[in-house]
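Report on the structure given below.
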There are 2 protein chains.
Amino acid sequence: MGLPLLANKKQSADKHQKIIEAAIAVFAGNGFFNSTVADVAREADVADGTIYLYFKNKDDLLISIFEYSMDLFIQEAEAALKSSSDPKEKLREFISLHLKLVQKYPDLAQVIQIELRQSTKFMKEYPNEKFFQYLDIVSGIIGDGQESGVFKKNLDPVILKRVIFGAVDEIALEWTLMKRKRYTMAEAADQVCGMIFEGICQ
Amino acid sequence: MGLPLLANKKQSADKHQKIIEAAIAVFAGNGFFNSTVADVAREADVADGTIYLYFKNKDDLLISIFEYSMDLFIQEAEAALKSSSDPKEKLREFISLHLKLVQKYPDLAQVIQIELRQSTKFMKEYPNEKFFQYLDIVSGIIGDGQESGVFKKNLDPVILKRVIFGAVDEIALEWTLMKRKRYTMAEAADQVCGMIFEGICQ
DNA sequence: AACGGGAATGAATGTCCGTTCATTTTCAGG
DNA sequence: CCTGAAAATGAACGGACATTCATTCCCGTT
């Protein structure tokens, strides 16, 4: 069976990817609801109808972007965390990586942070497993750290993972939206880690 | 001049308020873009056209909600922060208040957190002074604390205020979207304060 | 070179909804 | 009670846009 790669889909994986990338750029630039399918098609250099050969509808396109990018983030995170076994170093690595990724893929970051959050449809009804999987990387690190006595045991990991993610994500969001950057991501990562590890009190 | 209250507007302030409240409920339930002006009108028990006597257009309605609620938050925050002069207590008060307000006005919180964030139009082009004003309450507290030696001086307030806001807001967001609550807001406030003040390391 | 079928196209369709505005209702002052 | 102006109404308009589908293109096979 001399079938092309990814033969379970009839179409080329290239075009699928091309449309996803176009959609990321377009949605990041104009917002999901203010972008038309025709905009995405034009950016992808493809006919309007072609989009529907690869995606069920406009919503499906957004969800696909989300899954695509979360896979990317999870994959990069898991790779980066292999290098160290110290929970504190791991957490530092995670924070730093998240910020770096946002910097590396600003359009992607914007879609994730702003566009996806928007619609009740997605946040409330879409199961969102991939996001939880990403968050669980953090709670895993916290759990390890508590077990090994590096982190305080009285902290609730369920709350803590959110606090950490929220802090990092807000920094990332500001970075994404800020035109003139007032600080580098590396600085920000240091500040955030310092604060999370040692607190703000003298 | 025996004019009614708020005579510079011809219409009743009541109806203005009624429409805002209806819009908050509708937008929170369905999302801004998935809600129609007719939905808001029905909820407010008013004709479609009446909305346009009080608001320029649909976008203006969303912005009005934002300003209305930020005013509310700022006002409540400033009142609550009068009671204490210790920066640490003030910060604890702020965090606790923000979480309480989210609990008290869940629809409002949802519109602010989810709907407003969404549109590039609002986040990028709308000046958003009220939000910065709210954030500056935090940086004010931080500045005081650093001056009086309670907080570490090497922390950048610009980053720090975002970190704190992001942490608190993410907790609030999870609370808003979570159906089964796994923790109370009071617990969350304690955890967040503990973490921010003392850090997570043993 | 003719065939066939999957992929791609993009014009056409139908719906939806923000906004308008001609008309009606309300009500204060005379 | 009139009267007139402000306020409210909601049917109708018009433009936008997601989605469809009849047609064309592409290319491997014979």
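Order of the sequence lines fixes the chain letters, A, B, ..., with proteins taken first and strands second; residue numbering starts at 1 for each chain.
Closest to the Leu53(A) side chain, of the nucleotides dG10(C), dT19(C), dT9(C), is dT9(C).
Rounded to an integer number of Å, the gap from CG of Asp48(A) to P of dT13(C) is 16 Å. dC17(D) atom P lies 15 Å from atom CD1 of Ile51(A), rounded to whole Å. As a whole-Å value, the separation of Asn34(B) CG from dC17(C) P is 9 Å. Atoms OH (Tyr54(B)) and C1' (dA8(D)) sit 8 Å apart, rounded to a whole Å. As a whole-Å value, the separation of Phe32(A) CZ from dA18(D) C1' is 10 Å. Rounding to whole angstrom units, CZ of residue Phe33(A) and P of dA18(D) are separated by 10 Å. Regarding Asp14(A), its CG atom lies at a distance of 11 Å from the P atom of dA8(C), rounded to whole Å. With rounding to whole Å, Phe55(A) atom CZ is found 16 Å from dT20(D) atom P.
Ser84(A) meets the side-chain hydrogen bond (donor to acceptor under 3.5 Å, both in side chains) test with no other residue; sequence neighbours excluded. The side-chain hydrogen bond (donor to acceptor under 3.5 Å, both in side chains) check on Tyr68(A) picks up Gln17(A), with sequence neighbours excluded. For Asp107(B), the side-chain contact (heavy atoms from CB on, under 4.5 Å) partners two or more places apart in sequence, or in a different chain, are Ile24(B), Ala25(B), Ala28(B). Under the side-chain hydrogen bond (donor to acceptor under 3.5 Å, both in side chains) criterion, Tyr52(B) pairs with no residue, sequence neighbours left out. Not counting sequence neighbours, Glu147(B) has no partner by the salt bridge (Lys or Arg N to Asp or Glu O under 4.0 Å) test. Checked against side-chain hydrogen bond (donor to acceptor under 3.5 Å, both in side chains), Tyr134(B) has the following partners two or more places apart in sequence or in another chain: His98(B).
The pair Glu198(B)-Lys88(B) meets the salt-bridge criterion, with a side-chain N (NZ, NE, NH1 or NH2) lying under 4.0 Å from an Asp/Glu carboxylate O.
Taking 4.0 angstrom as the limit, Tyr52(B) places none of its side-chain polar atoms (N or O) nearer than this to OP1 or OP2 of dT9(D). In this model, the phosphate group of dT19(C) is not approached by any side-chain N or O of Lys58(B) to a distance below 4.0 Å at OP1 or OP2.
Between Phe27(A) and Phe32(A), the two ring planes are perpendicular [angle over 60°; tilted spans 30° to 60°].
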Side-chain donor-acceptor contacts of residues 154-171 of chain B below 3.5 Å, not counting sequence neighbours, with atom names and distances?
| residue | atom | partner | partner atom | Å |
| --- | --- | --- | --- | --- |
| Asp156(B) | OD1 | Val158(B) | N | 2.9 |
| Lys161(B) | NZ | Asp136(B) | OD1 | 3.4 |
| Arg162(B) | NE | Glu174(A) | OE1 | 3.4 |
| Arg162(B) | NE | Glu174(A) | OE2 | 3.4 |
| Arg162(B) | NH1 | Glu170(A) | OE2 | 2.7 |
| Asp169(B) | OD1 | Gln113(B) | NE2 | 3.0 |
| Asp169(B) | OD2 | Arg117(B) | NH2 | 3.3 |
| Glu170(B) | OE1 | Arg117(A) | NH2 | 3.4 |
| Glu170(B) | OE2 | Arg162(A) | NH1 | 2.7 |

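Within residues 36-47 of chain A, the residues having any heavy atom closer than 4.0 Å to DNA chain D are, in order of number, Thr36(A), Val37(A).
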**Prompt:** For DNA chain D, what is the dot-bracket line, given that a base pair needs Watson-Crick (N1 to N3, plus N6-O4 or O6-N4) or G-U wobble (N1-O2 and O6-N3) geometry with both distances under 3.5 Å, and | means paired with another strand?
**Reply:** ||||||||||||||||||||||||||||||
